[in-house]
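The structure appears below as structure tokens.
Counting from 1, the numbers follow the sequence of the chain as shown. Whatever order the structure lists ligands and atoms in, that order sets their numbers, starting from 1. FYI, side chains are in, hydrogens and waters are out, and symmetry mates aren't considered; it's all heavy atoms of this structure.
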Amino acid sequence: MTYQRPNFRHPELPVNELGYTRKDYEGALSTLCAGCGHDSISAAIVQACFEMSIEPHKVAKLSGIGCSSKTPTYFLGNSHGFNSVHGRMPSVATGANLANRDMIYVGVSGDGDTASIGMGQFTHAVRRNLNMMYVVENNGCYGLTKGQDSATADVGSASKKGEPNPFEPIDLVSVALQLGATFVARSFSGDRAQLVPLIKAAISHRGFAFIDVVSPCVTFNNNPASTKGYEHVREHLAATGTVDFVPVKQEITTNYPPGEAQEVTLHDGSVVHLQKADPGLDISSRRSALGLIKDYKAKDQILTGLLFMDEDSRDLHEIIGTSNKPLRSLVESDLCPGQKVLDNLNESLR
Ligand SMILES: Cc1ncc(C[n+]2csc(CCOP(=O)(O)OP(=O)(O)O)c2C)c(N)n1
Ligand code: SF4
């Protein structure tokens with residue numbers, strides 16, 4: 001069945017700097033289960049892009065396979081999209097990004113899509129510092145194929161019809177930190193106030209911006225024995241602090257108490273304000289982030305918020321020195337330097 005959103009718009013809906021309403025950033029009506037955390041993440045992406053006045057045609061949405069990977073259909077309906085193969089989104093994103101560096105790349109994946117079949121692909125996108133926002137909608141199970149445990153399921157966690165999981169989980173945030181990711185955050189689908197500024201900061205970051213979002217699967221993994229259900233997550237959440245994103249166009253002011261706030265400047269001049277709840281966090285230190293994640297896990301708490309950011313991040317294009325012009329727009333005269341340049345080059349190699 002095809003679901004369509006009604007086209008009616010209230011004439012006084014607020015508009016952003018481009019004259020677009022929030023509705024212009026929505027997509028098709030979701031066919032996910034009512035209450036699925038993934039829909040809340042789509043809503044947060046819509047809100048962030050609307051508030052940032054992003055031009056929808058400048059965004060490319062990429063995903064793999066899973067309920068999570070279906071969600072790009074449900075947001076940014078006026079943007080480009082590529083729903084790829086299970087676990088293969090990073091290589092499609094790499095190709096697209098190399099061909100056209102002028103787009104904003106939004107990747108959406110699941111914990112199954114990323115931490116199992118797509119793990120190899122994920123690791124290489126991280127280490128190359130591909131300029132994209134990569135969101136994992138983490139429900140600890142394979143929702144689309146009826147709730148089997150995924151590699152991020154905690155030891156002892158049990159889904160609706162499953163046995164307690166005997167295996168150690170893969171913590172994607174720790175993996176990303178160890179592989180050199182230059183922006184790493186964790187959030188919860190039910191915490192819009194935290195998730196929206198994190199998405200804005202991730203989009204503004206130059207390089208690989210990873211957000212692991214705990215996103216309960218209400219149909220297969222939301223029972224009391226599951227550590228990825230709403231009840232457990234709400235009871236065990238802890239945050240590094242509050243996060244506030246200030247775009248470069250706004251005056252940057254802060255009212256946080258001195259000594260407890262930290263400002264992180266993004267490459268476009270925007271600023272992330274962090275009001276630190278945990279004084280142990282040094283946002284510029286991987287070691288600090290990895291240690292804190294372990295400490296909170298030992299206390300049975302899920303640490304959320306911005307965990308690490310490299311303000312001097314150099315993305316793949318800068319590392320390999322590609323042309324400033326998108327490669328897709330280069331013409332033959334750009335690509336063929338002429339006989340004289342070739343002769344000089346050959347001479348220099350003799
Ligand atoms: C090559 C391949 N293997 C297996 C599948 C079956 N399959 C579809 S989605 C999926 C896992 C989805 O889990 P996740 O990525 O966590 O997304 P969720 O549905 O939980 O959001 C699997 C195993 C497939 N589509 N393609
Ligand atoms: S099966 Fe689970 S992950 Fe998939 S749409 Fe339903 S609640 Fe969401």
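A centroid separation of less than 6.0 Å is found between the aromatic rings of Phe210 and Phe122.
Taking both residues in full, the closest heavy atoms of Gln178 and Leu290 are given as CG-CD1, 4.0 Å, listed atom of the first, atom of the second, then distance. Taking both residues in full, the closest heavy atoms of Ile41 and Ser189 are given as CG1-CB, 3.8 Å, listed atom of the first, atom of the second, then distance.
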Exercise. Given salt bridge (Lys or Arg N to Asp or Glu O under 4.0 Å), test Arg186 with Asp171 step by step and report yes or no.
Key: CA-CA 11 Å; Arg186 172 142 43 214; Asp171 178 23; 2.9 Å; yes

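Enclosure of atom NZ in Lys299 by more than 12 non-hydrogen atoms of other residues, nucleotides or ligands within 6.0 angstrom is indicated.
Neither side chain, His267 nor Ser313, offers a donor N or O lying under 3.5 Å from an acceptor on the other. Between the side chains of Asp282 and Ser288, no donor N or O sits under 3.5 Å from an acceptor N or O.
For ligand 2, residues of the protein lying within 4.0 angstrom by heavy-atom distance are Leu32, Cys33, Cys36, His38, Cys67, Asn139, Gly143, Cys217, Val218, Thr219, Phe220. At a heavy-atom cutoff of 4.0 Å, ligand 1 is surrounded by His38, Ile65, Gly66, Cys67, Ser68, His86, Gly110, Asp111, Gly112, Asp113, Ile117, Asn139, Cys141, Tyr142, Gly143, Leu144, Thr145.
Cluster annotation: Phe188 is not connected to Leu172 through the hydrophobic network of ILVMFWY side chains, with a link wherever side-chain heavy atoms come within less than 4.5 Å.
Between the side chain of Asn138 and the main chain of Asp111, no donor-acceptor pair closer than 3.5 Å is present.
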